[in-house]
Each structure stands twice: as structure tokens, then as C-alpha cells.
Amino acid sequence: MKIIIQRVSQAAVTIDEKKVGEIGQGLLLLVGVGPEDTQEDMDYAVRKIVNMRIFSDEAGKMNLSVQDIQGSILSISQFTLFADTKKGNRPAFTGAAKPDMASEFYNRFNQALATLVPVETGVFGADMQVSLVNDGPVTIVLDTKN
């Protein structure tokens, strides 16, 4: 899995001019699933994301997790995280999992997160418009294979 984690003060996802997901303070996740991803990758990512201390405490230090602040997660599927840009100018996405496997994996990932924090999602495979206010800015790349 490759996941871009952004600390946000607010984020929303819109499809065909209709808002389908929205959060206040929390995390925006851009989630890419690879063909080799396993339950172990998912468990690791969930554990890391909900416990990652990237929110400021009363002293202004990044010392609190999304759980600690009672924040939410907006999770967006993002196969383009597996783009191969080595040849030519058009990225290849052959490194991403096939849609059937990725969709099922992404849904299970969101369900696992939702047992720990409130989760909103986009729609897998849809043309989505994502808006956010990146707080900090804080952006972290999580790759379960590294």
C-alpha cells in the first residue's frame, strides 16, 4: 500500500457536483493498493495511521494522534500513487492492483479504520474532486513495503 497522509482542518470529496464525504479536523488519506498487498500491510497501515502523532498538543508539539483529538478520516482511492514515470511522458499504472482486488481491499481497509475513528470515503473508481485545507502543512508518505 502507498498512502499519502495529510493533516487537515477540513476536507471534502465531490462527485458530479454532489458532496459525498466531508470531515473537519483529521486526516485526508490518498490510498493506493498494490497487487502484492496483504492483510499484514493493511493491519500495519491502519495501526500506523490511527496512532501517528502528528497533531499538536497544548505545548504546540506534534504529540497527539487522530484518535487523541477525536478527529475523522477522509479516505480517497488513488491508484495513481503507483505511477511509473521512467519511460516517456505518459505515466503507466501497471504497478497498481487490478480494480476488483483494489476495490475490495480498499473497502476492507476503510472498514478497519472505521472501527477506530469516524471515516468518510469517496467512491472507488469515480471521477472525484477533493478539496482540503492542509493544516501545517503536514504531509506524510506511508509505504507498507518500505
Side-chain angles (χ1 to χ4, degrees), residues 1-15 20-57 60-146:
M1 296 179 77
K2 294 183 182 183
I3 304 168
I4 305 297
I5 303 165
Q6 294 182 300
R7 185 178 77 180
V8 298
S9 56
Q10 62 186 32
V13 59
T14 304
I15 300 172
V20 297
E22 181 175 26
I23 64 167
Q25 187 178 30
L27 300 173
L28 171 68
L29 306 180
L30 303 176
V31 181
V33 178
E36 306 296 319
D37 288 336
T38 65
Q39 185 66 46
E40 184 177 306
D41 292 296
M42 183 187 304
D43 294 344
Y44 173 80
V46 168
R47 186 172 59 253
K48 277 298 207 185
I49 289 164
V50 299
N51 292 302
M52 192 173 290
R53 298 183 323 173
I54 59 174
F55 291 90
S56 299
D57 62 16
K61 296 198 183 275
M62 283 200 272
N63 208 22
L64 301 173
S65 71
V66 69
Q67 284 183 310
D68 294 332
I69 65 155
Q70 298 178 345
S72 302
I73 290 176
L74 177 59
S75 176
I76 306 294
S77 61
Q78 189 76 37
F79 75 93
T80 60
L81 293 175
F82 282 88
D84 180 354
T85 59
K86 289 184 180 159
K87 292 183 181 178
N89 293 318
R90 179 183 293 199
F93 302 106
T94 55
K98 300 287 186 230
D100 288 349
M101 181 266 190
S103 175
E104 190 266 331
F105 197 92
Y106 170 72
N107 289 334
R108 285 188 8 245
F109 171 71
N110 291 325
Q111 290 166 0
L113 285 171
T115 66
L116 302 167
V117 294
V119 175
E120 296 277 323
T121 67
V123 175
F124 186 90
D127 180 15
M128 296 176 274
Q129 288 68 54
V130 179
S131 61
L132 68 132
V133 177
N134 191 320
D135 181 19
V138 174
T139 302
I140 296 170
V141 178
L142 177 66
D143 186 336
T144 62
K145 300 300 186 198
N146 292 332

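Given the structure is predicted, the values throughout are model-derived calculations rather than measurements.
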Would you give the length of the straight line joining atom CE of Met1 to atom CZ of Phe109, rounded to the nearest 0.5 angstrom?
-> 4.0 Å
Does some side-chain heavy atom of Leu27 sit less than 4.5 Å from a side-chain heavy atom of Met52?
-> no
Stepwise side chain to side chain contact (heavy atoms under 4.5 Å, CB included) test for Val8 and Leu74 | CA-CA 10 Å; Val8 298; Leu74 177 59; over 6 Å; no
Heavy-atom pair with the smallest gap, counting every atom of Val20 and Gly122 | CG2-CA, 4.4 Å
Check each of Asp37, Asp41, Asp43 against Gln39 using the side-chain hydrogen bond (donor to acceptor under 3.5 Å, both in side chains) test, and report the only one that passes.
-> Asp43
Please name the pair of heavy atoms, one in Ala126 and one in Ile15, separated by the smallest distance, quoted to 0.1 Å.
-> CB-CD1, 3.8 Å
Hey, mind stepping through Ile49 and Ile5 against side chain to side chain contact (heavy atoms under 4.5 Å, CB included) and telling me if it holds?
-> CA-CA 8 Å; Ile49 289 164; Ile5 303 165; 3.9 Å; yes
Heavy-atom side-chain proximity of Phe79 to Pro99 below 4.5 angstrom | no
Correct closest heavy-atom pair for Pro35 and Gly95 would be CD-O, 3.0 Å
With distance as the sole test, does Lys145 use its side chain to make a donor-acceptor pair with the main-chain N or O of Glu36 at under 3.5 Å?
-> yes
Where do Pro91 and Ala83 come nearest, in terms of heavy atoms and distance?
-> CB-CB, 4.0 Å
To the nearest 0.5 Å, how far apart are CG in Leu81 and CG in Leu142?
-> 11.0 Å
Restricting to pairs with a member in residues 44-53, which pass side chain to side chain donor-acceptor pair (under 3.5 Å), not counting sequence neighbours?
-> Arg53-Asn63
CZ of Phe82 to NZ of Lys2: how many Å apart, nearest 0.5 Å?
-> 5.0 Å
Only residue of Ile4, Leu28, Val31, Leu29 satisfying side chain to side chain contact (heavy atoms under 4.5 Å, CB included) with Ile76 is Leu28
Report, as yes or no, whether the 6.0 Å neighbourhood of atom CD on Gln129 holds more than 12 heavy atoms from other residues, nucleotides or ligands.
-> yes
Over all atoms of both residues, closest heavy-atom pair of Gln25 and Phe55 | NE2-CD2, 3.9 Å
CG of Asp135 to CD of Gln10, rounded to nearest 0.5 Å, is 10.5 Å
Let me see the working for Asn110 and Thr121 under side-chain hydrogen bond (donor to acceptor under 3.5 Å, both in side chains), right down to the final yes or no.
-> CA-CA 8 Å; Asn110 291 325; Thr121 67; 5.1 Å; no
Approximate separation, where rounding is to 0.5 Å, of Arg108 CZ and Ser103 OG | 11.0 Å
Side chains of Thr139 and Asn134: is there a donor and an acceptor less than 3.5 Å apart?
-> yes
Do you know which two heavy atoms are closest between Ser56 and Leu64, and how far apart they sit?
-> O-CD1, 3.3 Å
First locate atom OG of Ser72, then atom CD of Glu22, and finally report the distance between them rounded to the nearest 0.5 Å.
-> 10.5 Å
